[in-house]
Amino acid sequence: MLLGKNRLEAFSDGVFAILITLLILEIEIPELSKADSRSMLEGLVVLLPKFSAFVLSYLVLAIYWLSHHDLFARIKYVNGKILWLNLLLLLPMCVIPFTTSLAGDYPSSSISVFIYAIHITIIGIGYTLFERYLDTLASKKSLDGSVSLASHNLRNDLAVALNVAACVVAFLWPPASFALLFCSRLVLLISYWRVSSEKG
């Protein structure tokens, strides 16, 4: 049975909005021993790993929200299978405030950074599979074929590969793992901009 996609999109948008809000709530104002400029600066420096993890997770959610929006713009209706797959897609995303806080609180811990990296990797693989499934449905209905899905999928695969590399590097040098995760976001941003420009 085919259903309208509006409720699915509204629900997904709400989940993304709540998760982005929860990310910043994990960063608390530093407790200072003295209320002077030096103590304030030191307190803010301590929060840099938290802000770095926040920015990275914000990019993760923002890029997938943009892609999710464009993905459903290519189809008019959804079925029960798509509804369940979308719920499964959102499931690991709901954990991102926790793993972000974990990596931000313990940025030099290989275990915490690995958990964060593997979590982002799972999200990336899940989204890539979901996107390809919907692209297959869209192509069967002869929707817009002007977008170069082959090169788009290649860039998605590269982003996933960088995420996997970040998982391995986390045990060697955690800061390098963060750098690889940022690079994977850059690859996805380029992919999104290229696809958007090809559309319009």
Side-chain angles (χ1 to χ4, degrees), residues 5-28 47-74 78 82-107 112-135 152-153 155-167 170 174 177-196:
K5 63 180 182 177
N6 292 340
R7 290 189 64 188
L8 181 149
E9 290 180 304
F11 175 78
S12 300
D13 288 348
V15 171
F16 278 109
I18 291 171
L19 291 176
I20 286 176
T21 302
L22 290 175
L23 287 178
I24 193 59
L25 293 179
E26 294 293 328
I27 302 178
E28 299 180 354
L47 290 179
L48 282 178
K50 280 181 169 287
F51 275 110
S52 297
F54 163 77
V55 171
L56 180 54
S57 294
Y58 181 89
L59 287 174
V60 170
L61 292 174
I63 291 169
Y64 285 133
W65 177 79
L66 289 169
S67 298
H68 191 275
H69 171 75
D70 284 358
L71 190 59
F72 278 91
R74 298 204 289 270
V78 298
I82 293 176
L83 291 176
W84 278 106
L85 289 175
N86 190 70
L87 287 173
L88 288 174
L89 175 70
L90 295 175
L91 176 60
M93 292 187 184
C94 291
V95 189
I96 203 166
F98 168 74
T99 55
T100 302
S101 180
L102 186 67
D105 286 341
Y106 305 100
S112 65
V113 176
F114 170 77
I115 291 173
Y116 181 61
I118 196 69
H119 180 216
I120 292 181
T121 302
I122 291 170
I123 293 174
I125 292 173
Y127 187 86
T128 298
L129 294 175
F130 182 66
E131 183 178 51
R132 289 182 179 178
Y133 172 70
L134 291 190
D135 281 339
H152 176 56
N153 288 336
R155 289 189 286 268
N156 281 353
D157 291 343
L158 175 58
V160 170
L162 288 171
N163 290 340
V164 173
C167 295
S177 180
F178 275 109
L180 287 171
L181 291 173
F182 270 109
C183 287
S184 73
R185 297 310 96 192
L186 181 60
V187 169
L188 289 177
L189 275 175
I190 293 173
S191 178
Y192 175 79
W193 287 329
R194 291 280 180 87
V195 171
S196 298

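Position 1 is the first residue of the sequence; numbering continues from there.
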Taking atom types as modelled, is there a side-chain donor on Ser57 or Tyr116 under 3.5 Å from an acceptor on the other? yes
Could you give the distance from CG (Leu83) to CG (Leu8), rounded to the nearest 0.5 Å? 5.5 Å
Using modelled atom types and a 3.5 Å cut-off, is there a donor and acceptor pairing between side-chain atoms of Ser184 and backbone atoms of Leu181? yes
Qualifying residue for side-chain contact (heavy atoms from CB on, under 4.5 Å) with Thr100, from Ile120, Leu56, Asp105, Leu23: Leu23
Inter-residue atom distance Asn163.CG - Arg185.CZ, 0.5 Å rounding: 5.0 Å
Take atom CZ of Arg132 as the centre, draw a 6.0 Å sphere, and report whether it contains more than 12 heavy atoms from other residues, nucleotides or ligands. yes
Looking only at atom types and distance, does a side-chain atom of Tyr133 sit under 3.5 Å from a main-chain N or O of Leu85, one as donor and one as acceptor? no
Report the distance from atom CG of Leu162 to atom CG of Leu180, rounding to the nearest 0.5 Å. 6.0 Å
For Leu90 versus Phe11, what's the shortest heavy-atom pair and its separation? CD1-CE2, 3.7 Å
ring-ring contact (aromatic ring centres under 6.0 Å, His included) partners for Phe114, two or more places apart: Phe171
Please check: side-chain N/O of Ser177 versus main-chain N/O of Ala166, any donor-acceptor pairing under 3.5 Å? yes
Closest heavy-atom pair, Asn86 versus Ser12, reported as atoms and distance to 0.1 Å, is ND2-OG, 2.9 Å
Pro97 backbone acceptor or donor facing Ser101 side chain under 3.5 Å: no
How long is the gap from CG on Leu59 to CZ on Phe54, to the nearest 0.5 Å? 9.5 Å
Closest approach of Ile123 to Met93 (non-hydrogen atoms, all atoms of both residues): CG2-CE, 3.8 Å
Nearest heavy-atom contact between Val95 and His119 is C-CE1, 3.6 Å
Which is it for Tyr58 and Ile24 under the side-chain contact (heavy atoms from CB on, under 4.5 Å) test, yes or no, and what are the steps along the way? CA-CA 9 Å; Tyr58 181 89; Ile24 193 59; over 6 Å; no
How about Leu19 and Val15: do any of their side-chain heavy atoms sit closer than 4.5 Å? yes
Run the side-chain contact (heavy atoms from CB on, under 4.5 Å) check on Ser67 and Tyr127 step by step: do they pass? CA-CA 9 Å; Ser67 298; Tyr127 187 86; 3.0 Å; yes
Using 30° and 60° as the class limits, which term best fits the ring planes of Phe130 and His68: parallel, tilted or perpendicular? parallel
Considering non-hydrogen atoms only, spot the tightest contact between Lys50 and Ile27 and give its length. O-CD1, 3.9 Å
Residue Phe182 excluded, over 12 heavy atoms near CZ under 6.0 Å: yes
Please work out whether the ring planes of His69 and Trp65 are parallel, tilted or perpendicular, with thresholds of 30° and 60°. parallel
Search all heavy atoms of Gly104 against all heavy atoms of Pro49 and return the closest pair with its distance. O-CB, 3.6 Å
First locate atom CG of Asp13, then atom CD1 of Ile18, and finally report the distance between them rounded to the nearest 0.5 Å. 11.0 Å
Just how far is it from atom CZ of Phe72 to atom CD of Glu9, taken to the nearest 0.5 Å? 7.0 Å
